[in-house]
Amino acid sequence: MSKPILGITMGDPFGNGPEITVKALADKAVYDRCRPLVVGDASAMEYAAKAAKTVSGVEMKIRSIQAVSEAKYEYGVIDVYDLGLVKISDIPGDPENPKPFGLGATALGGEAAFQYVKKVIELAMSGEVDATITNALSKEAINMAGHHYSGHTEIYADYTNTSKYTMMLAHNELRVVHVSTHVSLREACNRVKKDRVLDVIRIANEGCKAIGIKEPKIAVAGLNPHCGENGMFGREEIEEIQPAIDAAMAEGIIIPEKKPTPPDTVFSKALGGWYDIVVVMYHDQGHIPLKVKGFVYNKAEGHWDAVAGVNVTLGLPIIRASVDHGTGFGHAGDGHANELSLVNAMDYGIRMANAKAER
């Protein structure tokens, strides 16, 4: 099997994406498993490469290209599909004395990050790359640039004409998928409807199969405390979630509990191996346990030992995996960003591309 081509967006040029991309691709083992292609601006990647060398001794060169066919995928030289949106003069600071940029969200950064995503989607839809991997963008910045989306997921859905999709977060063997994501908590409760819950259960089942799990075991979290206590604390479990579970099981989908699982115990069970994936009802119900598990702060030394986790959009006609953290504007440019989440995202992209090729 040929190694899959990964299209990796650089993320916001004034965020942590360029730096962690350089660090992730400094591992030769990456090139043994895939062919990485960065979609972004060579100027920002050049700056990041110099800063990484100053801080970490990582020495990587940047090759600017204008077509996928020009990429050579040679370790030590990062191929950058250069969109030429950010000039070196736009990047503040000195790579030989790295300090935080201190820019925050900007219209230029938002426009550039949006165009990187749009381009990598085009490359995937045309079959020029086998999977897409995204670094963090700023929702505020892309909206400042006039692109009114609430995040990557919605951009991908729009540009691939996908109506039924969901976000999956993963850290090692803990995986969650969401009935709703970037809406208010009040709106999230309103979106817990049988048809949507059933769609997400189906997508979760197919998503697990896409990474090689032949018979996925799925848990479906309740919305209310104690799953509503038979209607005392809410009726969503009775009227919406249970009917979706019944319909899914009638299709042969494996839901071991056969009913909603209380949200305060479902993740402990998942970590114990009871399930391959958990269907959650709203954004924070899934994000909090994943980030408690994957984000590890070293209090004594004052830095993050790990910022791990992957965000995968399921239901798309193309593969998309992403880092599970933000742009880190407050520290971007200082040379100390942690690349672990990007490494994990690339691993998921490789697994999914290989499984797709085998199918």
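Every heavy atom of this structure was used, including side-chain atoms; hydrogens, water molecules and symmetry mates were not.
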Trainee: Flag yes if more than 12 heavy atoms outside E74 fall under 6.0 Å of its CD atom; otherwise flag no.
Mentor: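 Yes, CD of E74 has more than 12 neighbouring heavy atoms, counting only those of other groups under 6.0 Å.
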Trainee: Within the 4.5 Å heavy-atom criterion, are I241 and V192 side-chain neighbours or not?
Mentor: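 Contact flag for I241/V192 side chains = yes.
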Trainee: For residues V312 and M352, determine if any side-chain heavy atom of one lies less than 4.5 Å from a side-chain heavy atom of the other.
Mentor: yes
Trainee: With side chain to side chain donor-acceptor pair (under 3.5 Å) as the criterion, how do S126 and E128 come out once you've worked through the C-alpha distance, each side chain's angles and the decisive distance to 0.1 Å?
Mentor: CA-CA 6 Å; S126 65; E128 294 185 76; 3.2 Å; yes
Trainee: Under a 4.0 Å N-O cut-off, is there an ion pair linking R35 with D79?
Mentor: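 No, this pair does not count.
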Trainee: Could you check whether the rings of Y159 and Y149 sit parallel, tilted or perpendicular, using 30° and 60° as the cut-offs?
Mentor: tilted
Trainee: Using the rule given for ring pair (Phe, Tyr, Trp, His ring centres under 6.0 Å), can you reason through F101 versus Y47, listing the C-alpha separation, both sets of side-chain angles and the distance that settles it, and then say yes or no?
Mentor: CA-CA 12 Å; F101 293 144; Y47 186 100; 5.5 Å; yes
Trainee: Would you call K269 and E257 a salt bridge, taking side-chain N to carboxylate O under 4.0 Å as the test?
Mentor: yes
Trainee: Go through Y156 and T134 one step at a time and tell me if the side chain to side chain donor-acceptor pair (under 3.5 Å) criterion holds.
Mentor: CA-CA 11 Å; Y156 269 77; T134 54; 5.2 Å; no
Trainee: May I ask you to say whether K194 pairs ionically with E240, meaning some side-chain N is under 4.0 Å from a carboxylate O?
Mentor: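 Here K194 does not pair with E240 in a salt bridge, since their nearest N and O are not under 4.0 Å apart.
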Trainee: Closer than 4.0 angstrom, basic N to acidic O: yes or no for R175 and E173?
Mentor: yes
Trainee: Go through the steps to decide whether Q66 and D82 satisfy the test side chain to side chain donor-acceptor pair (under 3.5 Å), and finish with yes or no.
Mentor: CA-CA 6 Å; Q66 300 300 315; D82 189 5; 4.6 Å; no
Trainee: Is a salt bridge present between K50 and E46, judged by a nitrogen-to-oxygen distance below 4.0 Å?
Mentor: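 Judged by the 4.0 Å cut-off on N to carboxylate O distance, K50 and E46 do not form a salt bridge.
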Trainee: Is it the case that atom NE2 in H171 sees more than 12 heavy atoms from other parts of the structure closer than 6.0 Å?
Mentor: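 More than 12 within 6.0 Å, yes.
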Trainee: I would like to know whether K217 and D276 meet salt bridge (Lys or Arg N to Asp or Glu O under 4.0 Å); could you show each step before the answer?
Mentor: CA-CA 5 Å; K217 299 187 295 296; D276 296 301; 3.7 Å; yes
Trainee: Around E96, counting heavy atoms of other residues, nucleotides and ligands shown, do more than 12 lie under 6.0 Å from its CD?
Mentor: no
Trainee: Under the side-chain contact (heavy atoms from CB on, under 4.5 Å) test against L25, which residue among V343, V58, V30, V77 passes?
Mentor: V30
Trainee: Does the distance from a Lys or Arg side-chain N to an Asp or Glu carboxylate O, for E206 and R202, drop under 4.0 Å?
Mentor: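 Salt bridge absent between E206 and R202.
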Trainee: Using side-chain contact (heavy atoms from CB on, under 4.5 Å), reason through E237 and Q242 one step at a time and then give a plain yes or no.
Mentor: CA-CA 6 Å; E237 285 78 8; Q242 187 64 58; over 6 Å; no
Trainee: Using a strict 4.0 Å threshold on nitrogen-to-oxygen distance, state whether D90 and K87 make a salt bridge.
Mentor: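 Judged by the 4.0 Å cut-off on N to carboxylate O distance, D90 and K87 do form a salt bridge.
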Trainee: Give the ring-plane orientation class for H283 versus H178, where under 30° counts as parallel, over 60° as perpendicular and anything between as tilted.
Mentor: tilted
Trainee: Going by heavy atoms in the side chains, are H287 and M167 under 4.5 Å from each other?
Mentor: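 The answer is yes; the side chains approach within 4.5 Å.
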Trainee: Does the distance from a Lys or Arg side-chain N to an Asp or Glu carboxylate O, for K164 and D199, drop under 4.0 Å?
Mentor: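 Salt bridge present between K164 and D199.
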